[in-house]
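Here's the structure we're looking at; comments come further down.
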Amino acid sequence: MITTDFVPGSPCWLDLGAPDVEVAAAFYRAVFGWRAEPYGDQGAGGYTLFRLDGKVAAAAGPLPADRARSAWTLYFHTPDADETVKTVEQAGGAVLSPPADVGADDGRFARLADPQGAEFAVWQPQRYPGFETADGAGSLGWTELYTTDAAAAQTFYRTVFGWGTQDMPLPGGGGGTYTLLRPANCSDERMHGGLMGVPTDLLGPAGKPYWHPVFGSRDCDATVGLVTGNGGTLSMGPETAEGVGRLAVCNDPSGAEFVILTPQAAL
């Protein structure tokens with residue numbers, strides 16, 4: 001499960017790079033009930049916080065100049081962004097945006113990529129720890145990496161964050177392996193995501209590995225109806241995965257991918 005009790009290597013933030021932040025805010029408000037709030041002194045269309053029942057669940061900002069398409073970025077907690085960036089470089093990853101301070105004392109972040117090209121970010125908190133709600137309907141409940149080299153990805157993230165891993169067969173009996181991820185020195189209850197090997201031709205328009213967020217839902221099918229009814233599209237599902245729940249892979253109106261999941265226990 002994902003919690004707001006952040007430890008090194010755990011998910012702690014996520015934001016959307018959007019070509020039109022106000023359009024994105026309207027879509028996610030319709031789908032998840034998120035309410036948009038400008039961050040700091042940002043004006044309309046600038047960096048925007050998304051609140052669910054008053055608590056920050058995610059954020060969105062203008063699409064970075066070096067990114068060709070809209071996408072979600074997942075951030076992982078670090079006590080020292082500069083040291084983590086050095087480790088990423090030594091492990092064969094890339095620095096997309098060097099460590100930089102946010103606000104007067106909110107925290108420090110860096111945008112990075114693993115050796116296969118999947119982008120992610122790290123957050124070193126100061127005044128601002130990270131998102132304020134998780135593991136529920138309308139909030140982040142899981143993180144997932146689709147990669148061209150699962151073994152190399154495991155080695156990289158173990159080196160950078162110390163993540164523990166556990167392999168399991170993919171649900172459905174079709175073969176393949178899904179690797180569960182958890183922060184270093186944490187129990188299985190703190191598993192926060194998974195990774196799996198995917199052929200290049202199944203990696204979407206960009207054709208490279210990527211992370212995507214999984215958001216909780218009380219009713220996957222109903223949430224999918226809100227997605228497609230508000231300009232989003234459906235890539236897969238809804239379908240029931242044994243032992244996991246009912247899920248669907250969706251895209252917002254700008255093409256950013258995310259997954260909707262009603263956990264097995266809630267079905």
Below 4.5 Å, heavy atoms only, C-beta onward: do [X] and [Y] meet side chain to side chain?
X: L145; Y: L181; value: no
X: D135; Y: T3; value: no
X: L226; Y: F32; value: no
X: F131; Y: I2; value: yes
X: C220; Y: L261; value: no
X: L140; Y: P213; value: yes
X: P11; Y: F76; value: yes

How about [X]: does its [atom1] atom have over 12 heavy atoms from other parts shown lying under 6.0 Å from it?
X: R218; atom1: CZ; result: no
X: D167; atom1: CG; result: yes
X: D221; atom1: CG; result: yes

Output, in order, the C-alpha distance, side-chain angles, deciding distance and verdict of side-chain contact (heavy atoms from CB on, under 4.5 Å) for T84 and Q124.
-> CA-CA 10 Å; T84 300; Q124 176 189 332; over 6 Å; no

Between Y47 and W13, what is the ring plane arrangement, given parallel below 30°, perpendicular above 60°, and tilted in between?
->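 Rings of Y47 and W13: parallel, under 30°.
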
Drop me the distance from [X]'s [atom1] to [Y]'s [atom2], to the nearest 0.5 angstrom.
X: R111; Y: S97; atom1: CZ; atom2: OG; answer: 4.0 Å
X: E242; Y: T240; atom1: CD; atom2: OG1; answer: 10.5 Å
X: Q166; Y: T177; atom1: CD; atom2: OG1; answer: 12.0 Å
X: Q154; Y: T179; atom1: CD; atom2: OG1; answer: 4.0 Å
X: N230; Y: Y28; atom1: CG; atom2: OH; answer: 11.5 Å
X: R190; Y: N185; atom1: CZ; atom2: CG; answer: 12.0 Å

Tell me if a side-chain donor or acceptor on [X] pairs with a main-chain N or O of [Y] at a distance below 3.5 Å.
X: E132; Y: V56; answer: yes
X: T48; Y: G46; answer: yes
X: Q116; Y: T148; answer: no
X: W163; Y: G9; answer: yes
X: R51; Y: E37; answer: no
X: T4; Y: G130; answer: no

Under 3.5 Å, is there a donor-acceptor pair between the [X] and [Y] side chains?
X: T223; Y: S217; value: yes
X: E257; Y: S235; value: no
X: D106; Y: Y39; value: yes

Could you tell me which non-hydrogen atom of [X] sits nearest to which non-hydrogen atom of [Y], and how far apart they are?
X: A25; Y: A36; value: CB-CB, 4.0 Å
X: T133; Y: S139; value: O-CB, 3.9 Å
X: D15; Y: A60; value: CB-N, 4.4 Å
X: P238; Y: V224; value: CG-CG2, 3.9 Å
X: V88; Y: A113; value: CG1-O, 4.2 Å
X: T143; Y: W211; value: OG1-CZ3, 3.7 Å

Given the side-chain rings of F120 and Y157, with only the six-membered ring counted for Trp, is the space between their centroids under 6.0 Å?
->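 Yes, the ring centres sit under 6.0 Å apart.
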
May I ask you to check whether F50 and W72 place their ring centres under 6.0 Å from each other?
->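 Judged by ring-centre distance (under 6.0 Å), W72 and F50 do not meet the cut-off.
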
With hydrophobic residues grouped by side-chain heavy-atom distances under 4.5 Å, do [X] and [Y] end up in a single group?
X: Y210; Y: L14; value: no
X: M168; Y: M191; value: yes
X: V259; Y: M236; value: yes
X: L203; Y: L170; value: yes
X: Y178; Y: L247; value: yes

Knowing that exactly one of Y146, W142, F258 qualifies, which makes a ring pair (Phe, Tyr, Trp, His ring centres under 6.0 Å) with H212?
->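 The ring pair (Phe, Tyr, Trp, His ring centres under 6.0 Å) with H212 is passed solely by Y146 among Y146, W142, F258.
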
Could you check S254 against S70 for side-chain hydrogen bond (donor to acceptor under 3.5 Å, both in side chains), going step by step and ending with a plain yes or no?
-> CA-CA 6 Å; S254 297; S70 182; 4.8 Å; no

Quick one: do E189 and R182 make a salt bridge, cutoff under 4.0 Å?
->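 The answer is no: the pair does not qualify as a salt bridge.
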
Would you mind checking if E83 and K86 are paired as a salt bridge, meaning a charged N to carboxylate O distance below 4.0 Å?
->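 Between E83 and K86 there is a salt bridge, with a charged N closer than 4.0 Å to a carboxylate O.
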
I would like to know whether T159 and Q90 meet side-chain contact (heavy atoms from CB on, under 4.5 Å); could you show each step before the answer?
-> CA-CA 10 Å; T159 299; Q90 292 167 358; over 6 Å; no

